[in-house]
Each structure stands twice: as structure tokens, then as C-alpha cells.
2 protein chains.
Amino acid sequence: MTRTGSGRGHTRDDVVRTALHILDEYGLPDLTMRRLANALGVQPSALYWHFANKQNLLAELADRIVARAAADDPDSSWTTSVRAEAVALRDALLAYRDGAEVVAGTLALGLGSTMARDRFAAAVAAGGFDRETARRAAMALLHFVLGHVSYEQQRMQYDSVGVLADALPVGGADPTAEFTFGIDLIVAGLDSSRARR
Amino acid sequence: MTRTGSGRGHTRDDVVRTALHILDEYGLPDLTMRRLANALGVQPSALYWHFANKQNLLAELADRIVARAAADDPDSSWTTSVRAEAVALRDALLAYRDGAEVVAGTLALGLGSTMARDRFAAAVAAGGFDRETARRAAMALLHFVLGHVSYEQQRMQYDSVGVLADALPVGGADPTAEFTFGIDLIVAGLDSSRARR
DNA sequence: ACCTGAACACCGTTCAAGT
DNA sequence: ACCTGAACACCGTTCAAGT
């Protein structure tokens with residue numbers, strides 16, 4: 001599967017694309033180096049020519065997943081553009097099975113997905129906030145988005161396997177509404193801190 | 001290690017306490033069933049008499065970690081009590097290595113840590129919000145806290161091993177200030193939605 | 001430039017059987 | 001009530017060597 005380029009062997013890009021395919025089809029727990037090697041028709045050890053370790057591969061996946069997020073609604077108020085950024089990121093994460101967990105898992109390493117934070121920071125900064133405030137707000141938004149979507153995706157998976165704790169219809173039935181609610185809370189918080197200046 | 005009760009063998013409680021000790025000492029990746037069995041002087045298979053699987057064990061750990069969070073500042077405004085709840089939860093998560101990840105990982109299952117959400121919901125509800133709003137706000141708070149502290153703890157671990165991406169002093173140097181900032185944002189957002197009614 | 005073969009040091013879980 | 005022994009079906013990673 002996925003042989004590109006003119007040379008004989010696989011490209012780093014081949015590996016990444018096959019990995020993304022496995023991720024989306026079978027989920028993060030099934031994305032093992034051995035399974036990936038198998039899908040490429042190659043020995044597991046071959047993967048270590050392309051990537052130093054699994055963590056680095058996952059960081060690359062995280063970058064590609066986040067890169068798909070495109071909000072771009074210029075000439076709109078900073079609040080609607082922050083909201084648009086959040087929705088676009090959520091959509092990008094939802095586009096791949098376990099997308100949020102992959103991104104969340106590599107965030108702390110500083111390897112993948114600096115992009116998401118930067119986009120949030122830029123959108124907030126357009127509201128006239130200083131750089132430090134924009135950075136902190138971006139992190140808060142990011143933590144909420146990653147937390148929410150991870151939760152959302154874990155639940156999808158769990159109740160497709162039917163393992164959800166019995167007495168728990170507790171979670172609201174409308175994830176999108178809950179997501180919007182959370183984002184609006186943070187945006188409103190920012191806006192009120194702006195008014196107070 | 002840790003033998004309690006009158007009978008011959010280990011208690012479920014012994015297992016949990018030993019697991020918590022390994023978690024705190026060596027971190028989540030090193031908390032394996034085999035290592036845990038070893039610490040108890042028992043075969044790995046013996047653990048499956050006490051717990052159906054590892055996931056259930058982790059859920060129990062999550063419950064214990066969260067249970068330590070005690071805010072209890074009665075007769076204070078709902079905003080300060082939400083803040084106190086958040087700080088107490090963060091402290092509880094920080095009390096064990098990888099505490100946030102353990103709790104975050106079992107949250108979606110509905111097994112462990114319903115307690116954290118309920119405490120937040122109660123604190124918010126004291127502000128006179130309807131139940132649905134309180135629930136959603138509680139989830140937003142929870143996602144932020146878990147995301148923030150997971151990030152915080154991952155970074156501690158990573159740069160103790162010296163694997164942090166080189167060009168990345170990007171993260172602010174004061175985690176507590178960033179945490180407070182995020183919580184204040186959400187609380188302010190809630191407060192402004194209250195004023196608008 | 002890209003991969004094989006073989007090994008090392010691990011995982012979680014099941015299940016019959018023991019005391 | 002609590003555990004053993006043995007097995008099953010896996011992991012990520014290293015490293016010399018091959019083409």
C-alpha cells in the first residue's frame with residue numbers, strides 16, 4: 001500500500017499516510033509499529049530508518065491532522081474568528097479516529113501541533129490583547145478543545161463496543177452544543193476582561 | 001509490601017495502594033500489571049481475581065486521586081468557591097505523578113471520577129444557574145483542568161528526561177498563574193452570562 | 001537509500017488447577 | 001478466598017548485515 005516517488009523503497013510520506021489510514025480505520029491502540037510495517041509490506045525495523053521512534057511518528061501525524069484545520073473568515077470580529085478557529089480545529093480532530101488523543105499526546109513534547117496554539121493566539125491577539133494574555137488564552141482554548149474532543153471520541157469508541165458504565169446517560173446528548181457552550185464561555189470571559197480595561 | 005486485613009491473601013485495597021505507590025514513584029507507563037504483581041509478591045494472573053482488567057484498576061485509582069480534593073470553603077460567593085474547587089482538584093492531581101492522565105483516561109468510561117464533575121456542578125449551581133448550564137460549565141472546567149495539569153505533568157516528566165524540543169521555552173514559566181488565568185476566564189464567562197439574564 | 005533477520009526485554013489476559 | 005503455572009498473542013527498539 002502507498003508506494004510513491006521514483007525510487008525503490010518507501011518514502012517517509014508513504015509511512016505517514018499509511019499510519020494515518022490505520023489510525024482512522026482501527027484507532028490509536030491498533031496503530032502499532034508492527035501493524036504499520038505489515039501494511040507497508042516491510043519489517044518493523046525498517047520503520048526506524050524513517051523515524052527515530054514511535055513518538056516522532058505520532059508527532060508528524062498530529063501535525064498533519066491539525067494542518068487540515070482551516071478557518072479563514074477574514075474581516076470578522078475577533079470573537080467570531082476565535083469561535084471559527086475552535087470549530088475548525090474540532091472538525092479537523094474529528095476527521096480522524098482518536099485524532100484528539102494523538103494531538104494531545106504530542107502537545108507537551110513541543111514537537112507536533114504548535115500550529116493550533118498559534119492560530120488561537122493570533123485570533124485572540126486581533127482583539128487587542130497583549131501577547132502574554134493571547135498566549136494564555138490560546139492555551140486555555142486548546143486545553144478545552146482537546147479535552148472535549150478526546151472525551152467525545154473516547155465515548156464514541158466505548159459505546160460502539162458497549163462498555164459504557166450502565167447508569168450513565170449523564171452526558172448531554174448534543175456534543176456540538178456542549179462544545180459551543182464551552183468556547184463561548186471562554187470567549188465571553190476574555191471579552192469581559194477587555195471591557196474592564 | 002502492603003498486607004492488610006486478617007485473612008491470608010491480599011485485599012483489593014492492598015492492590016490499589018500498591019498501585020498508587022508505583023504510579024507516584026515511577027509514573028503511568030511503568031505501572032504494569034506484571035510490575036504491580038511483582039511488588040505484591042504475587043503472579044500477574046492473581047491480580048485478575050481482584051480486578052476484571054487494568055482499566056477497572058485505573059478507574060479505582062482515579063477515584064482515590066480525585067477524592068483527595070477538598071475545597072470546602074462554605075459561606076463564600078459561588079465564584080470563589082468554583083475557583084477553590086478548581087485549585088483543590090489541581091492540587092489533588094498534582095499529588096500523584098501522572099495523576100491527571102489517569103483521571104482523564106477514565107473520565108469517558110463513566111467509571112471513575114464522576115465526583116470531580118459533580119463538585120464543579122454544585123459550585124456553579126450555587127450561582128443560580130439551571131442544571132443543564134451547571135453541568136456544561138462543570139464539563140468545561142473539568143476539561144480545562146485535566147488538559148492543563150496533564151500538560152503540566154507531561155512537561156515535568158519530559159524535561160526531567162531532557163527530551164523537550166530544543167527551541168521551546170515557549171510555554172510560560174508559571175503554571176499556577178496560567179492555570180488561574182484559565183479558570184478566571186471561564187468563571188468570568190459564566191458571570192457575564194448571568195448578568196445578561 | 002532503504003531494508004532484512006534475529007534478537008532483547010517486555011506487555012495484558014485467560015484458564016485450569018491448586019490450597 | 002486467593003493464588004500458581006503455563007500459555008497465547010502480542011509490544012517497541014536495536015543492530016549488524018545485506019543490496
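Throughout, protein chains are lettered first and strands after them, A, B, ... in sequence-line order, and every chain is numbered starting at 1.
- Going from the P atom of dC2(C) to that of dA17(D) covers 22 Å, rounded to whole Å.
- Note: CG (D14(B)) to P (dC3(D)) measures 9 Å, nearest angstrom.
- Stem regions for DNA chain C, each three or more consecutive Watson-Crick or G-U pairs with both distances under 3.5 Å and listed by first number, read C:4-8 with D:12-16, C:12-16 with D:4-8.
- The pair R64(B)-D13(B) counts as a salt bridge, with a side-chain nitrogen and a carboxylate oxygen less than 4.0 angstrom apart.
- The shortest side-chain heavy-atom distance between R135(A) and E178(B) falls under the 4.5 Å cut-off.
- OP1 or OP2 of dC3(C) lies within a sub-4.0 Å distance of a side-chain N or O belonging to H10(A).
- In this structure, H148(A) and H143(B) have perpendicular ring planes: the angle between them is above 60°, well past the 30° mark.
- As rounded to whole Å, 14 Å separates atom C1' of dT13(D) from atom CD of Q55(A).
- For the atom pair L36(A) CG and T18(A) OG1, the distance stands at 6.5 Å (nearest 0.5 Å).
- Taking hydrophobic clusters as Ile, Leu, Val, Met, Phe, Trp and Tyr residues chained together by side-chain heavy-atom distances below 4.5 Å, V42(B) does not share a cluster with W49(B).
- Atom P of nucleotide dT14(D) and atom CZ of F51(A) are separated by 15 Å, given to the nearest angstrom.
- Rounded to whole Å, atom C1' of dG5(D) lies 16 Å from atom OH of Y48(B).
- Across the interface with DNA chain C, nearest-nucleotide mapping of N53(B) and W49(A) shows W49(A) to be the residue nearer the 5′ end.
- Taking atom NZ on K54(A) and atom P on dT13(D), their separation rounds to 8 Å, with Å as the unit.
- Using bins of under 30°, 30° to 60° and over 60° for the plane-to-plane angle, the ring pair F129(A)/W78(A) lands in the perpendicular bin.
- The nucleotide whose nearest atom lies closest to any side-chain atom of A46(A) is, among dC15(C), dC3(C), dC3(D), dC3(C).
- For the pair L47(A) CG and dC2(C) P, the computed distance is 13 Å after rounding to whole Å.
- The structure places CG of L61(B) at 11.0 Å from CG of N56(B), a figure rounded to the nearest 0.5 Å.
- If you check every strand for non-hydrogen atoms under 4.0 Å, T32(A) touches sugar and phosphate atoms only.
- Separating the CZ atom of R12(B) from the P atom of dA1(D) is a distance of 15 Å, rounded to the nearest angstrom.
- Taking atom C1' on both nucleotides, dA9(C) is separated from dC10(D) by 14 Å, rounded to a whole Å.
- Taking for each of Q43(B) and R34(B) the nucleotide of DNA chain D with the nearest heavy atom, the 5'-most of the two is the partner of Q43(B).
- Within the structure, every side-chain polar atom (N or O) of H50(A) is placed at least 4.0 Å from both OP1 and OP2 of dA1(C).
- Put simply, CE on M33(B) is 14 Å from P on dT4(D), counting in whole angstrom units.
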